[in-house]
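Structure record follows, encoded as structure tokens.
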Amino acid sequence: MTKEKIVLIDGNSLAYRAFFALPQLTNDQGVFTNATYGFTMMLERIVTDIKPTKMLVAFDAGKTTFRHEAYEAYKGGRDKTPSELSEQFPYIRKLIDAYQIAQYELPNYEADDIIGTLARQAEAHGDEVIIISGDKDLTQLASEHITVQITRKGITDIDAYTPAFIEEKYGLTPLQIIDMKGLMGDKSDNIPGVPGIGEKTAIKLLKEYGSVENLYEHIDDMKPSKMKEKLIDNREQAFMSKELATILVEAPITITLDDLAYEGEDSEAVTAIYDELQFKTLLAKRDTTTTVVEAEALDVQCVDEVTTQMLTSPMALHVELENERYHNCAILGLGLSDGENSYYIPFEVAQKSTLLADWLAGDSVKYVSDSKAARAALLRFDLPLNHVAFDLLLAAYIDDPARSGVDVAPLAEDYGYYGVQTTEAIYGKGAKWQVPEQSVLAQHVGRIAHAIYSVQPKVEAALKDKEQFTLYNELELPLAAILSAMESEGIMVNATTLEQMGEQLTTKLHALEQEIYQLAGSEFNINSPKQLGVILFEKLGLPPVKKTKTGYSTAADVLEKLRPQHEIIDYILQYRQLGKLQSTYIEGLLKEIGEDHKVHTRFQQALTATGRLSSTDPNLQNIPIRLEEGRKIRQAFVASEKDWVLFAADYSQIELRVLAHMSGDENLVSAFKEGMDIHTRTAMDVFHVGRDAVDGNMRRAAKAVNFGIVYGISDYGLSQNLDIPRKEAKNFIDKYFEVFPGVKQYMEDSVAIAKKDGYVSTLLNRRRYLPDLASSNFNVRSFAERTAMNTPIQGSAADIIKKAMIDMNARLQQEGLRTRLLLQVHDELIFEAPQDEIERLTKIVPEVMENTVQLNVPLKVDYSYGKTWYDAK
DNA sequence: CCAGTCACG
DNA sequence: ACGTACGTGACTGGT
């Protein structure tokens with residue numbers, strides 16, 4: 001039996017939601033379209049995101065139902081459906097037909113009952129059911145196999161009600177939702193319930209008694225109160241309300257699960273309706289996808305020899321790789337396009353051509369997407385790539401850093417080119433992954449090159465329009481070449497050193513493990529938070545401090561609080577610490593060392609929301625340093641040539657200096673100009689004491705406040721960090737803002753500007769869009785507000801070090817030094833250098849880094865060097 | 001494939 | 001009253 005994925009939609013409720021959520025739109029015939037439009041958006045979301053195998057839209061039939069027989073006033077007092085909405089139902093029905101989705105209604109029953117009945121049938125069948133509605137009534141159906149998605153304020157935001165979600169939200173089981181309604185009633189359906197009992201009281205009662213029935217069985221034991229009287233007086237009404245609220249799961253439906261099969265839309269019929277209702281944006285997407293692909297079916301020539309007339313300038317180039325790990329994987333072939341002609345060159349052919357090699361290395365202008373990957377991959381085959389004048393990946397990232405992934409298809413689509421297929425469509429995914437036959441590959445790769453060439457003018461125009469072209473063209477684009485060189489160079493790692501550390505760790509871990517089993521009284525998997533939770537909080541009876549969605553939290557800060565209560569905690573913390581070193585940094589790193597004894601990370605240049613880089617396979621931006629045991633890992637990182645050393649230079653407090661500059665706060669600015677330790681200085685100001693009176697604790701608190709400020713502070717966050725009461729944290733923050741009023745003003749302004757413009761900006765005009773600032777959800781909105789405060793700071797710091805890398809690279813060349821930049825770790829640069837260049841570096845590196853931009857506070861750079869990364873401290 | 005945990009700035 | 005610090009990536013266990 002194959003498992004089906006069944007979506008059941010409450011048609012009426014969704015249409016209502018859409019109608020009231022969207023402004024009154026009409027087409028040029030004066031037909032109202034907002035509900036239909038919202039409904040369409042919802043169907044599109046369901047079809048693309050959920051990908052159901054079966055689907056049904058259920059509607060209410062007529063005015064009266066069996067519920068009215070029991071209770072005449074059921075759903076009484078409702079406003080009549082506005083005609084602007086009711087006239088849209090025929091269109092919605094037509095649309096559902098065009099999507100080839102089943103629809104059903106049953107006289108005397110509501111859509112809820114149809115859905116309830118089918119959902120339970122499907123559940124018994126072992127299928128997965130997703131119910132979609134704007135009405136919380138249906139949440140009572142939630143179960144292990146049934147999820148109920150309820151639309152929130154808008155139409156695309158949803159809450160997924162699973163039993164766990166309901167438990168968390170109400171502390172009740174799904175079925176108890178019915179009892180809750182029985183007690184509290186439901187205004188919108190005119191279900192009376194028990195007067196005077198609202199949600200809070202209903203939940204309290206159900207937690208104690210479980211159900212309405214059980215509550216009344218034990219009502220005599222309840223101590224006298226107003227509430228008790230009301231419950232007794234309205235007994236009948238409570239039971240009737242519960243009955244009214246109960247969704248029928250055995251309605252006499254004449255439709256079966258087999259009738260719901262969904263096999264895709266009738267695309268012509270859907271387009272026709274879009275056309276009639278003038279759904280322009282939806283239409284545009286469809287039209288171009290179909291027409292562009294078909295209209296200009298691209299003639300890609302798969303060549304077995306490279307000729308002179310193929311190679312022009314400018315020309316788009318795409319290097320098609322076997323997978324994302326371009327430092328190791330095979331190159332499958334190259335795509336070329338000058339807009340007129342598009343070619344696919346199998347890599348065996350490309351490798352034989354000196355003509356092509358010269359063209360790649362020469363002055364011809366190339367347009368690429370992900371030039372860093374292309375450069376690094378080609379270089380492994382002695383094919384240097386020069387003169388890249390356009391990089392689609394980077395340009396699109398600057399245009400909007402929220403874009404995800406390196407796949408060209410969605411990027412090109414964003415600029416109106418719909419002809420490229422996704423990597424997944426070509427290769428499949430997971431176990432089904434395979435390289436397609438050459439004709440398919442040729443078409444795909446040639447098409448990518450054509451797309452890059454085609455969108456280039458539009459993308460550059462967009463950036464110029466937003467004054468972001470300089471950032472893209474003079475910062476990110478040249479940086480890609482530098483990063484490519486850094487990655488290709490790699491950093492040498494001594495495997496023997498790591499292996500020796502690994503052996504010692506194995507011994508220690510084994511001893512800790514035995515000790516932990518002893519103290520626990522049984523053997524278990526210490527690495528399983530679930531098993532560990534059972535041991536600590538059930539078997540040993542320690543008090544749970546915090547819980548996660550799935551159970552007890554056993555995170556380090558929780559264990560830290562339990563440390564005095566049991567000897568085992570200390571061993572577990574040690575085990576965790578060493579286990580992390582062993583699995584991630586010893587074993588993980590050893591796997592990445594190549595035949596050249598080096599590791600070649602990949603810096604993701606178009607990934608983070610703030611403009612920072614990230615590092616993968618391996619991540620070299622999180623090598624341990626804070627604890628000595630971990631820091632020793634750095635002893636394995638060495639220079640790659642004899643008599644060379646590693647040289648590290650880091651910005652001191654760059655984010656706070658950026659804050660001083662951007663806010664212009666006089667006190668903060670003068671603090672940095674004085675050059676005193678910033679945390680001590682903050683402590684002096686916040687606590688109103690002299691320099692000598694600042695003790696360790698005060699400095700620690702001030703440091704935490706400074707961090708908090710940069711992150712978009714909240715009293716709760718600070719209280720957690722410092723483990724102090726929230727009130728005290730709030731006090732610190734208030735004092736801080738008294739002393740640094742310019743910072744307070746700046747934070748408020750950042751949020752206000754972001755709300756007005758929809759985005760925040762950094763020093764070099766990097767943008768981050770923050771649509772969540774308009775969210776009606778407090779949490780979502782607060783998060784966006786903190787982001788609005790943090791991103792200009794973190795992002796500007798990222799801008800600065802990126803510019804410093806470019807300046808540094810130029811300076812090293814200019815001075816004729818052999819020193820090579822290897823790594824960037826957000827605020828520090830790591831080089832390898834011949835011993836005899838060190839003296840000059842100690843002058844040049846800080847000078848370049850400190851002067852790459854001029855702020856109204858000085859930038860400060862510290863440096864060090866040594867035989868290993870550990871020694872460069 | 002997700003959640004929890006922990007490494008870094 | 002809401003429930004949180006900002007930005008990442010790798011590994012493990014468990015569905």
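Reckoned from all heavy atoms, side chains included, excluding hydrogens, waters and symmetry mates. Every chain is numbered from 1, with letters handed out A, B, ... down the list of sequences.
- Nucleic acid contact class of A:Gln531 (heavy atoms, under 4.0 Å, all strands): sugar-phosphate only.
- A donor-acceptor contact under 3.5 angstrom links the side chains of A:Thr53 and A:Glu4, judged on distance only.
- For the pair A:Ser583 and C:dA10, the criterion of a side-chain N or O lying under 4.0 Å from OP1 or OP2 is not met.
- No more than 12 heavy-atom neighbours from other residues, nucleotides or ligands sit within 6.0 angstrom of CZ on A:Phe707.
- Within 6.0 Å of CD in A:Glu628 there are more than 12 heavy atoms belonging to other residues, nucleotides or ligands.
- Rounded to a whole angstrom, the distance from the P atom of C:dA5 to that of B:dA3 is 16 Å.
- Rounded to whole Å, the distance from CZ on A:Arg781 to C1' on C:dA1 is 12 Å.
- Stem list for DNA chain C (at least 3 consecutive Watson-Crick or G-U pairs, distances under 3.5 Å): B:1-9 with C:6-14.
- The residue A:Ala609 sits close only to the backbone: its heavy atoms come under 4.0 Å of sugar-phosphate atoms, none of a base.
- Using a 4.0 Å heavy-atom criterion, one finds that A:Gly712 contacts no nucleic acid atom at all.
- Among the nucleotides C:dT8, C:dT4, C:dT15, the one closest to any side-chain atom of A:Thr608 is C:dT8.
- Atom CG in A:Leu659 sits roughly 21 Å away from atom P in C:dA5 (whole-Å rounding).
- Here C:dT8 presents its P atom at 16 Å from CG of A:Asp827, a figure rounded to the nearest Å.
- Taking the six-membered ring where tryptophan is involved, the planes of A:Tyr161 and A:Phe165 are perpendicular, since the angle between them exceeds 60° and thus also 30°.
- The environment of NZ in A:Lys508 is sparse: at most 12 heavy-atom neighbours from other residues, nucleotides or ligands sit within 6.0 Å.
- The number of heavy atoms from other shown groups lying within 6.0 Å of NZ (A:Lys598) is above 12.
- When the P atom is compared between C:dT4 and B:dT5, the two are found 14 Å apart, to the nearest whole Å.
- Side-chain atoms of A:Lys530 lie closest to C:dG14 of the nucleotides B:dC1, B:dG9, C:dG14.
- Protein atom CG of A:Leu722 is 19 Å distant from nucleotide atom P of C:dT4, rounded to whole Å.
- Taking atom C1' on both nucleotides, C:dC2 is separated from B:dA7 by 32 Å, rounded to a whole Å.
- Between A:Gln824 atom CD and C:dG7 atom C1' there is a gap of 13 Å when expressed in whole angstrom units.
- The shortest distance between side-chain heavy atoms of A:Glu513 and A:Leu509 does not fall below 4.5 Å.
- Comparing C:dC2, C:dA10, C:dT4 against the side chain of A:Phe778 picks out C:dC2 as the nearest.
- Between A:Val710 and A:Leu656, some side-chain heavy-atom pair lies under the 4.5 Å cut-off.
- For the pair A:Glu324 and A:Arg602, the minimum side-chain heavy-atom distance is below 4.5 Å.
- Taken residue by residue, residues 784-795 of chain A places heavy atoms nearer than 4.0 Å to DNA chain C at A:Arg786, A:Thr787, A:Asn790, A:Gln794.
- Between the CD1 atom of A:Ile733 and the P atom of C:dA5 there is a distance of 14 Å, rounded to whole Å.
- Remark: the A:Ser714 side chain and the C:dT4 base include a donor-acceptor N/O pair separated by less than 3.5 Å.
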For this session: Would you sort out whether A:Lys730 and A:Ile733 count as a side-chain contact (heavy atoms from CB on, under 4.5 Å), showing the intermediate values?
Result: CA-CA 5 Å; A:Lys730 182 169 166 13; A:Ile733 296 166; 5.5 Å; no
Problem set entry | Contact letters for nucleotides 2-8 of chain B, in which S counts primed atoms plus P, OP1 and OP2 and B counts the base, heavy atoms under 4.0 Å | -SSSBBB
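- Ring geometry for A:Phe647 versus A:Tyr863: interplanar angle under 30°, hence parallel rather than tilted (30 to 60°).
- Nucleotide B:dG9 holds its P atom 12 Å from the CD atom of A:Gln653, rounded to whole Å.
- With A:Tyr585 as the fixed residue, the side chain to side chain contact (heavy atoms under 4.5 Å, CB included) test singles out one of A:Leu505, A:Leu590, A:Leu498, A:Asn622: A:Asn622.
- Among the atoms of the strands shown, none is found under 4.0 Å from any heavy atom of A:Asn777.
- Put simply, CD1 on A:Ile526 is 20 Å from P on C:dC11, counting in whole angstrom units.
- Within 4.0 Å of A:Asn527, counting heavy atoms only, lie sugar-phosphate atoms of the nucleic acid but no base atom.
- Under 3.5 Å, the side chains of A:Thr423 and A:Asp407 contain a donor-acceptor pair of N or O atoms.
- Ion pairing of A:Glu476 with A:Arg766 is present here, as a side-chain N (NZ or NE/NH1/NH2) and a carboxylate O approach within less than 4.0 Å.
- When heavy atoms are screened at a 4.0 angstrom cut-off, A:Arg602 is found touching no nucleic acid atom at all.
- Of the two residues contacting DNA chain C, namely A:Pro618 and A:Thr610, the nearest-nucleotide position lying further toward the 5' end is that of A:Thr610.
- Residue A:Asn525 places at least one side-chain N or O under 4.0 Å from the OP1 or OP2 atom of C:dG13.
- Projected onto DNA chain C by closest heavy-atom contact, A:Gly717 and A:Ser614 fall at different nucleotides, the more 5' of which corresponds to A:Gly717.
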